[in-house]
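A quick write-up on the structure given underneath.
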Amino acid sequence: MDTRLQKYRGMIFDLDGVLVDTATYHYLAWRRLARELGFEFTEGDNERLKGVSRMRSLEIVLEVGGLSLSDAEKQAAAAKKNAWYVEYLCALDERALLPGAKDYLEYLRQDGRRIALGSASKNAPLILERLNIGRFFDAVIDGNSVGRAKPDPEVFLKGAGLVSLPPKDCAVFEDSRAGIEAAKRGGMFAVGVGRKELLPGADMYIASLADCYGKQKN
Ligand code: B16
Ligand code: MG
């Protein structure tokens with residue numbers, strides 16, 4: 001087992017990119033919107049949207065297309081994209097869980113750790129239900145419950161508060177730069193899920209939660 005994680009009593013997980021791969025569905029919906037607006041949106045462009053709120057994502061998409069919309073048009077475009085995204089989410093099931101996610105959550109529960117979700121997504125409750133993993137979480141903080149987006153630490157500080165632990169006793173698992181920055185600003189241990197070059201500033205790096213689980217078993 002990795003001794004660096006053993007001492008944290010609270011584990012806070014980002015959702016998209018850590019527990020589940022929904023980036024593909026976000027991509028399909030943003031690309032559909034871009035095409036309707038008359039431009040192409042590539043998978044490379046989509047990388048810029050990871051961990052970013054829905055409205056900020058729309059601004060990035062519009063920047064790629066060189067378009068500007070009024071506030072009312074932006075609201076309508078974001079709602080349209082979300083309706084398509086939610087439609088795609090209906091195809092989601094446990095197979096979309098990333099390697100090690102369910103095993104590691106099960107291990108942590110049995111070990112008596114407190115577990116929170118800290119996601120920017122307003123669709124987090126639906127995704128947890130589709131993946132059948134809601135029972136693992138003592139607290140769920142998502143895009144519906146925070147006012148300030150990552151890299152503001154609000155989402156993780158609320159998570160620590162809801163599991164009644166000080167930030168220094170919590171480890172955060174994140175796949176986005178903004179999320180790593182939020183965890184550090186909140187005074188937590190930051191585990192980068194992904195490559196060090198893409199996620200500067202984390203305290204340790206893993207390729208997926210399978211790395212933690214494998215080490216826990218040995
Ligand atoms: P929604 P996370 C984030 O989730 C996604 O990474 C990001 O691409 C998305 O724009 C954001 O949620 C908002 O999602 O439109 O469903 O509210 O990584 O913070 O779990
Ligand atoms: Mg993420």
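This chain uses plain numbering: 1 for the first residue, then up along the sequence. Atoms within a ligand are numbered from 1 in the order they appear, just like the ligands themselves.
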If you apply the rule side-chain hydrogen bond (donor to acceptor under 3.5 Å, both in side chains), what do you find for Tyr85 with Arg54, and how did you get there? CA-CA 11 Å; Tyr85 176 62; Arg54 191 181 307 167; over 6 Å; no

Atom of Asp16 nearest the Mg ion (ligand 2) (restricted to N/O/S, atom name only): O

Per atom 7 (C) of ligand 1, closest listed option by heavy atom (Leu89, Val52, Val18): Val52

Answer yes or no: is there a donor N or O on one side and an acceptor on the other, between the side chain of Glu94 and the main chain of Asn132, under 3.5 Å? no

To check you understand the geometry: which heavy-atom pair defines the closest contact between Leu157 and Pro167, and what is its length? CD2-CG, 3.7 Å

Can you sort out which atoms of ligand 1 are near Leu15, meaning under 4.0 Å from one of its heavy atoms? 20 (O)

Atom of Asp14 closest to the Mg ion (ligand 2), considering N, O or S atoms: OD2

Quick test of your reading of the structure: of Leu49, Asp16, Val86, whose heavy atom lies closest to atom 8 (O) of ligand 1? Leu49

Is any N or O atom of Tyr85, backbone or side chain, closer than 3.5 Å to an N or O atom of ligand 1? no

Compare all side-chain heavy atoms of His26 with those of Lys50 and state whether any distance is below 4.5 angstrom. no

Option whose closest heavy atom lies nearest to atom 1 (P) of ligand 1, chosen from Ala78, Ala178, Ser121: Ser121

Could you please spell out the steps behind the salt bridge (Lys or Arg N to Asp or Glu O under 4.0 Å) verdict for Asp138 and Arg114? CA-CA 6 Å; Asp138 299 300; Arg114 297 180 204 167; over 6 Å; no

Would you mind running through ligand 1 and noting each atom that sits below 4.0 Å from a heavy atom of Gly51? 5 (C), 6 (O), 7 (C), 8 (O)

What is the name of the N/O/S atom of Asp175 that is nearest to the Mg ion (ligand 2)? OD1

Is the shortest distance from a heavy atom of Ser176 to ligand 1 less than 4.0 Å? no

Test Glu154 against Lys158 for salt bridge (Lys or Arg N to Asp or Glu O under 4.0 Å), laying out the working first. CA-CA 6 Å; Glu154 184 186 8; Lys158 276 194 170 169; 3.4 Å; yes

Residues Arg109, Glu106; criterion salt bridge (Lys or Arg N to Asp or Glu O under 4.0 Å); working and verdict: CA-CA 5 Å; Arg109 272 236 83 89; Glu106 251 159 19; over 6 Å; no

Number the atoms of ligand 1 from 1 as they appear, then name those within less than 4.0 Å of a heavy atom of Asn123, with their elements. 1 (P), 16 (O)

For a side chain to side chain contact (heavy atoms under 4.5 Å, CB included) check, start with the C-alpha distance between Phe41 and Leu49, then their side-chain angles and the critical distance, and finish with the verdict. CA-CA 12 Å; Phe41 186 72; Leu49 309 185; 3.7 Å; yes

Option nearest atom 19 (O) of ligand 1 (shortest heavy-atom distance, choices Gly118, Ala120, Ala29): Ala120

Do me a favour and list the nearest non-hydrogen protein atom to atom 18 (O) of ligand 1 with residue, atom name and distance? Asp14 OD1, 3.0 Å

Nearest 0.5 Å, please: how far is CG in Leu37 from CG in Leu69? 6.5 Å

N/O donor-acceptor pairs under 3.5 Å from side chains in residues 186-198, not counting sequence neighbours:
unit_1	atom_1	unit_2	atom_2	d
Arg195	NE	Glu197	OE1	2.8

Would you mind running through ligand 1 and noting each atom that sits below 4.0 Å from a heavy atom of Lys122? 1 (P), 16 (O), 17 (O)

Number the atoms of ligand 1 from 1 as they appear, then name those within less than 4.0 Å of a heavy atom of Ser119, with their elements. 2 (P), 4 (O), 19 (O), 20 (O)

State the atoms of ligand 1, each with its element, that fall below the 4.0 Å cut-off from a heavy-atom position in Ser57. 10 (O)

Please determine whether any non-hydrogen atom of Lys150 lies less than 4.0 Å from an atom of ligand 1. yes

For atom 15 (O) of ligand 1, what's the nearest protein heavy-atom neighbour? Residue, atom name and distance, please. Arg54 NE, 2.8 Å

Applying the side-chain contact (heavy atoms from CB on, under 4.5 Å) test to Val64, which of Thr42, Asn46, Asp45 qualifies? Asp45

